[in-house]
Structures are given as C-alpha cells and as structure tokens.
Amino acid sequence: MTNEAVNYMNQALERAKAGGDAGEVPVGAVLVERASGTVLAADHNQVETLNDPTAHAEMQVIRAGAKSRGDKRLEGCDLYVTLEPCAMCAAAIAHARIGRVIFGAYDPKGGGVEHGARVFEQPTCHHKPEVVGGINEIEAGEILKTFFREKR
C-alpha cells in the first residue's frame with residue numbers, strides 16, 4: 001500500500017474514533033479523487049445523531065462527494081472505509097461507480113462485499129469496483145471491539 005493510501009486510511013480511522021466518541025458505531029470513511037488526490041469527503045457513521053438508518057459513513061461521504069462534484073457518478077474515486085461495507089453501502093458504491101474500495105476490518109456478520117450478500121458478485125450488479133480488504137485490519141477491529149466492550 002502506498003504512503004498516500006496509508007494516509008487516507010489513517011484519516012478514516014480518525015473519523016471512526018470521532019464517531020465512537022460521539023456515541024456512533026465507530027466506522028469512518030474517506031472519499032478520494034484518485035487523479036488529484038483530493039479528499040472529496042470524510043465522515044463517520046451518523047445513524048444515531050441523525051436518526052437515520054442509512055447514515056452510514058460510506059453513505060455520508062458518497063452523498064457529500066456527489067454534491068461536491070455536482071455529479072451522481074464518482075468514477076475515478078477511491079473509498080477508504082474502516083469496516084467492510086454492508087449490502088446497502090455496497091449497492092450505493094456500485095450505483096455511484098466508485099472505482100476502488102479499500103476497507104479495514106472484515107465483517108462476517110454484516111458485511112456485504114466479502115461476506116453475506118456479496119453485492120459485487122451478483123449478476124444484477126452493473127458495476128464492480130476493485131476491492132482491497134484487511135488494510136489496518138487490526139486497528140480498525142480494535143476500535144470497534146473497544147467501543148462495544150465499553151457499551152456492555
């Protein structure tokens with residue numbers, strides 16, 4: 001992984017920590033325009049804050065990135081996220097035509113990319129991004145484990 005990619009994943013991890021501090025499940029995401037290296041959006045889960053079940057970190061940055069670009073398509077963009085996207089987020093990633101998804105921790109229970117629905121493998125999925133999983137997996141997983149341990 002390049003130094004730039006490490007930097008973007010570290011930004012996503014910082015967003016995850018901020019989300020956890022705000023009482024959200026600590027998942028962070030950063031959307032980057034690959035050619036320029038510009039961060040279009042960075043956010044964390046806001047499900048509790050907004051009372052919105054769709055306010056996952058990935059959805060937040062997809063919405064903000066599309067608004068920033070003035071385009072519903074986010075071709076040429078990379079999405080860095082601390083947890084394997086769920087099926088809802090994977091479908092949104094496909095619809096937005098995001099080119100690459102780089103995620104941290106795998107999610108055997110709720111993931112929709114490498115686990116569960118495996119959205120990008122379905123014949124009804126019209127766009128399959130490049131997927132790289134397990135980047136900073138241990139740190140991303142520890143943030144989640146600590147959050148849930150403290151909740152119990």
Side-chain angles (χ1 to χ4, degrees), residues 1 4-34 38-69 71-74 77-120 122 125 127-152:
M1 200 158 93
E4 285 181 328
V6 169
N7 177 47
Y8 299 133
M9 184 56 83
N10 285 338
Q11 288 181 49
L13 289 164
E14 289 304 315
R15 297 306 290 206
K17 291 173 189 171
D21 291 345
E24 298 284 349
V25 173
V27 177
V30 175
L31 182 68
V32 179
E33 193 171 61
R34 190 178 316 131
T38 302
V39 173
L40 297 176
D43 211 338
H44 55 74
N45 279 359
Q46 293 198 47
V47 172
E48 303 299 328
T49 303
L50 299 176
N51 290 314
D52 179 354
T54 71
H56 291 193
E58 301 95 312
M59 300 295 282
Q60 296 297 99
V61 299
I62 288 169
R63 288 179 184 126
K67 185 174 183 179
S68 170
R69 270 188 152 186
D71 191 351
K72 64 186 176 188
R73 301 283 188 240
L74 296 170
C77 289
D78 295 340
L79 175 65
Y80 293 81
V81 61
T82 59
L83 182 65
E84 176 184 347
C86 70
M88 173 186 70
C89 292
I93 289 163
H95 283 286
R97 304 294 195 267
I98 291 172
R100 186 173 12 198
V101 177
I102 300 95
F103 70 86
Y106 290 86
D107 188 357
K109 276 179 93 173
V113 176
E114 300 286 334
H115 296 89
R118 298 178 190 251
V119 171
F120 304 137
Q122 301 307 313
C125 184
H127 171 75
K128 180 181 179 178
E130 177 185 344
V131 176
V132 180
I135 306 303
N136 290 65
E137 178 180 7
I138 293 170
E139 184 178 356
E142 281 303 315
I143 292 168
L144 287 159
K145 287 175 191 169
T146 299
F147 174 82
F148 285 114
R149 187 171 40 248
E150 291 173 359
K151 283 282 184 196
R152 294 183 182 120

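All residue numbers in this chain count up from 1 along the given sequence.
- In this structure, the side chains of Ile98 and Glu58 stay at 4.5 Å or more apart for every pair of heavy atoms.
- Here the straight-line distance linking atom CD of Glu84 with atom CD of Glu137 works out to 10.0 Å at 0.5 Å rounding.
- Separating the CD atom in Glu130 from the CZ atom in Arg100 is a distance of 5.0 Å, to the nearest 0.5 Å.
- Closest non-hydrogen pair, Ala87 versus Ala117, comes out as CB-CB, 4.0 Å.
- Classification of Glu24 and Arg15 as a salt-bridged pair fails, no side-chain N sitting under 4.0 Å from a carboxylate O.
- Nearest heavy atom pair, residue Ala64 against residue Ala41, reads CB-CB, 3.7 Å.
- What you find for Val101 and Pro85 is that their closest heavy atoms are CG1-CG, 4.1 Å.
- Put simply, the side chain of Ile93 reaches to within 4.5 Å of the side chain of Phe120, judged on heavy atoms.
- Atoms CZ and OG1, from Arg69 and Thr38 in turn, are 9.5 Å apart once rounded to the nearest 0.5 Å.
- Between the Asn45 side chain and the Ala57 main chain, a donor and an acceptor come within less than 3.5 Å of each other.
- Counting only heavy atoms from C-beta outward, the side chains of Val25 and Val47 never approach each other to under 4.5 Å.
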Run Ile62 and Leu31 through side-chain contact (heavy atoms from CB on, under 4.5 Å) and show every step you take.
CA-CA 7 Å; Ile62 288 169; Leu31 182 68; 5.6 Å; no

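- Side-chain contact check for Val61 versus Leu40: every heavy-atom pair is 4.5 Å or farther apart.
- Between Tyr8 and Val39 the shortest heavy-atom distance is CE2-CG2, 3.9 Å.
- Closest heavy-atom contact between Cys89 and Met59: SG-CG, 3.8 Å.
- The distance from atom NE2 of His56 to atom CD of Gln46, rounded to the nearest 0.5 Å, is 12.0 Å.
- His115 is not listed as a side-chain neighbour of Asp107, based on a closest heavy-atom distance of 4.5 Å or more.
- Asp78 has its side chain out of reach of Glu4: every pair of non-hydrogen atoms, C-beta onward, lies at least 4.5 Å apart.
- Distance CD/Gln60 to CG/Leu50: 6.0 Å, rounded to 0.5 Å.
- With rounding to the nearest 0.5 angstrom, the CD1 atom of Ile138 is 8.5 Å from the NZ atom of Lys145.
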Given the rule in the side-chain contact (heavy atoms from CB on, under 4.5 Å) test, do Met9 and Ile102 qualify, once you have shown the distances and angles that lead to the verdict?
CA-CA 8 Å; Met9 184 56 83; Ile102 300 95; 3.9 Å; yes

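- Looking at heavy atoms from C-beta onward, Ile143 lies out of side-chain contact with Thr82 at the 4.5 angstrom threshold.
- Within the 4.5 Å cutoff, the side chain of Leu144 has heavy atoms near those of the Pro26 side chain.
- For Cys77 against Arg34, the heavy-atom pair with the smallest separation is O-NH2, 3.9 Å.
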